[in-house]
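Only one structure is covered here, and it is reproduced in the block below.
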Amino acid sequence: MNSLASHWLNYIDGEWCDSDRHLTVNNPGNGEPLATIAEAGIADTERALVAARRCVDSRALSKVRPAQRVSWLLAIADEVRSVAEEGAWVLCQENGKSLSDARDEFIEAARYFEYYAGMADKIEGASIPLGDDYMDFTVYDPMGVSVQIVPWNFPVSICARSLAPALAAGNAVIVKSPELSPLGICMLIEAINRVGLPRGAVSLLCGRGREIGAHLVSHPSVDQIVFTGSVPTGQSILRAAAERAIPSVMELGGKSAALVFADADLAQLLSSVKSGIFFNAGQVCSAMSRLLVQRDIYEEVIESVVQLAEGLKVGLGQDDSELTPVISAGQLDSIQTLCQRAVAEGAVVATGGEAFNDRAGHFMRPTVFRDVSPDMCIAQEEVFGPVLAIIPFDTEEQAIEIANGTEFGLVAGVFTQDLSRAMRCARRLKSGQVFINEWYAGGIETPFGGVGLSGFGREKGQEALYSYVRTKNVAIRVAQE
Ligand code: NAD
């Protein structure tokens with residue numbers, strides 16, 4: 001299991017292809033080079049686009065009986081499961097995440113294919129009554145060529161999250177993998193292509209975002225853009241999409257708040273804080289990056305959270321540590337810079353606040369800020385690291401106002417024993433998903449996506465499938481009197 005190829009390829013038009021340029025993938029656990037991967041350029045991108053267009057125009061994915069797509073997707077789920085162990089090792093090495101979390105990513109990826117296999121033969125339109133002289137019905141056509149741009153934090157599961165519903169609906173897909181963590185996706189695509197999909201149905205390009213990513217999103221052959229990543233990149237992609245009015249799904253960043261009322265179950269809360277902000281070293285779009293705590297229990301919560309943070313097992317992903325390295329030196333720098341700005345603005349470091357300088361890899365100390373006010377940068381900007389800002393509040397009204405007081409709106413949480421209060425808050429919180437008494441409750445079955453700068457469109461759940469189709473209405477005049 002513990003081996004890893006030294007050089008990796010792109011998958012274009014049914015073949016694994018090298019390139020004369022290579023990107024180096026580093027191991028975040030020690031900062032050392034791990035492997036190289038062929039760097040796709042514009043010519044490679046053009047070939048992938050031609051293959052995808054040919055696949056769409058031939059209707060090889062869309063003209064078959066839907067049961068055929070069900071079979072393909074179920075077979076893919078099996079193939080992905082069969083590489084989960086080997087894939088987890090690769091993903092853990094290139095990404096820094098724990099081995100068990102990396103394994104979970106592959107299992108979750110398999111689940112996406114299984115889940116959308118269950119829908120691939122149920123994409124049913126409606127029959128619309130227009131009186132006896134007409135017959136009217138709707139059908140759902142695939143979008144066509146779907147370009148899917150993937151970030152580095154959960155590369156394998158996010159890739160599957162968009163790819164599975166896109167294939168279920170009969171689209172051809174070009175995946176643009178993230179430069180920092182592209183290897184696990186190669187294993188995913190290799191597993192997918194073992195089931196004998198039509199040529200051009202899925203291609204994989206690893207290359208620079210500003211070069212091939214920008215080329216893809218402004219290309220006339222592209223019918224849909226699915227982007228998961230940062231707000232500035234999403235905005236630049238939307239500008240390109242606007243030129244051709246291309247439908248897009250935007251899964252962007254977050255600054256999500258948990259509201260903790262005085263009657264909350266603290267054990268339940270602490271387990272949610274642990275996964276909410278320290279899982280994947282806090283590099284999670286839906287991380288619990290703000291903890292809003294009712295003043296009566298403010299000191300007690302801070303003390304318990306600090307104890308939790310200081311007790312985390314810090315180390316390499318392969319040792320199944322609880323706090324693993326962040327992805328790169330650049331990411332570590334940007335996390336520390338934001339922490340320094342927070343201190344300059346008056347936030348108080350309750351623990352952490354800087355990197356571990358005695359470790360070889362990119363390790364950030366688990367960090368808790370207290371006495372944070374809602375207007376500080378640490379309460380407004382996405383950190384994308386293991387950094388929690390704790391903010392006090394007095395009333396429910398005030399908590400909602402603080403929670404809704406950023407430009408983001410991805411997820412939110414409420415911790416209370418009072419169901420009426422939980423429901424009142426859930427209705428008023430400006431976010432795509434609300435967790436009550438457990439951060440990350442929900443699953444691949446529950447729709448996920450943002451409001452505001454967190455983006456638009458939904459992934460996961462039955463609803464996501466409809467991001468990958470267009471509605472067409474057919475209206476027939478059947479009688480001539
Ligand atoms: P990023 O925006 O830097 O990169 C994401 C992808 O976009 C990469 O594949 C990159 O190569 C590509 N890209 C970069 N510039 C491009 C351009 N001009 N045109 C086209 N593609 C381009 O984001 P990141 O640092 O990889 O990921 C972290 C961000 O992603 C965070 O903000 C996080 O919140 C967000 N995220 C959101 C979700 C979600 O589901 N909402 C999930 C994971 C991550």
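Just follow the structure's listing: the first ligand is 1, and inside any ligand the first atom is 1.
Under 4.0 Å is where a charged nitrogen must lie from a carboxylate oxygen, and between D223 and R53 at least one such pair does. With respect to the salt-bridge test (charged N to carboxylate O, under 4.0 angstrom), the residues D13 and R54 qualify. Contact check on E85 versus R103 returns a salt bridge, with a Lys/Arg side-chain nitrogen under 4.0 Å from an Asp/Glu carboxylate oxygen. Taking a cutoff of 4.0 Å between a charged side-chain nitrogen and a carboxylate oxygen, E463 and R458 do not qualify as a salt bridge.
By the criterion of a heavy-atom distance under 4.0 Å, the side chain of F384, and not its backbone, is placed next to ligand 1. Contact annotation for V231 and ligand 1: no heavy atom of the residue comes within less than 4.0 Å of the ligand. Using a 4.0 Å cut-off between heavy atoms, L216 makes no contact with ligand 1 at all.
At a threshold of 4.5 Å between non-hydrogen side-chain atoms, the residues E322 and K274 count as touching.
For F154, the heavy-atom gap to ligand 1 stays at 4.0 angstrom or more.
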Distance-only donor-acceptor hits, side chain of residues 141-155, under 3.5 Å, sequence neighbours excluded:
from : atom 1 : to   : atom 2 : distance (Å)
D141 : OD2    : K472 : NZ     : 3.0
S146 : OG     : Q148 : NE2    : 3.0
S146 : OG     : Q224 : OE1    : 2.8
Q148 : OE1    : L163 : N      : 3.3
Q148 : NE2    : S162 : O      : 3.4
N153 : ND2    : Q283 : O      : 3.1

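With atom 3 (O) of ligand 1 as the reference point, the heavy atom nearest to it among G455, G253, G234, S230 is part of S230. Nearest-heavy-atom check against atom 32 (O) of ligand 1 across M250, K255, E459, E382 picks out E382. Checking V147, I158, V150 against atom 9 (O) of ligand 1, the nearest heavy atom belongs to V150.
Taking the six-membered ring where tryptophan is involved, the planes of H215 and H219 are perpendicular, since the angle between them exceeds 60° and thus also 30°. Classification of the Y440-F279 ring pair by plane angle, with boundaries at 30° and 60°, yields perpendicular.
Applying the ring pair (Phe, Tyr, Trp, His ring centres under 6.0 Å) test to pairs two or more places apart or on separate chains, none has a residue in residues 29-51.
Scanning the protein for heavy atoms near atom 18 (N) of ligand 1, the closest one is S236 OG, 3.7 Å. Nearest protein neighbour of atom 27 (O) of ligand 1, counting heavy atoms only, is P151 CB, 3.5 Å. Annotation: atom 38 (C) of ligand 1 to nearest protein heavy atom, C285 SG, 3.0 Å. At the top of the distance list for atom 6 (C) of ligand 1, counting protein heavy atoms only, stands I149 CG2, 3.5 Å. Closest protein heavy atom to atom 40 (O) of ligand 1: R161 NH2, 2.8 Å.
At under 3.5 Å, not a single nitrogen or oxygen of S454, backbone or side chain, sits near a nitrogen or oxygen of ligand 1. Annotation: E179 places an N or O atom under 3.5 Å from an N or O atom of ligand 1; distance criterion only. The N/O atoms of G229, backbone and side chain alike, include one that comes under 3.5 Å of an N/O atom in ligand 1. Inclusion of R208 in the set of residues having an N or O under 3.5 Å from an N or O of ligand 1 is not warranted.
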Criterion side chain to side chain donor-acceptor pair (under 3.5 Å) on D375 and S373, from CA distance to verdict: CA-CA 6 Å; D375 55 336; S373 61; 2.8 Å; yes
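For atom 36 (N) of ligand 1, a protein non-hydrogen atom is found at a distance below 4.0 Å.
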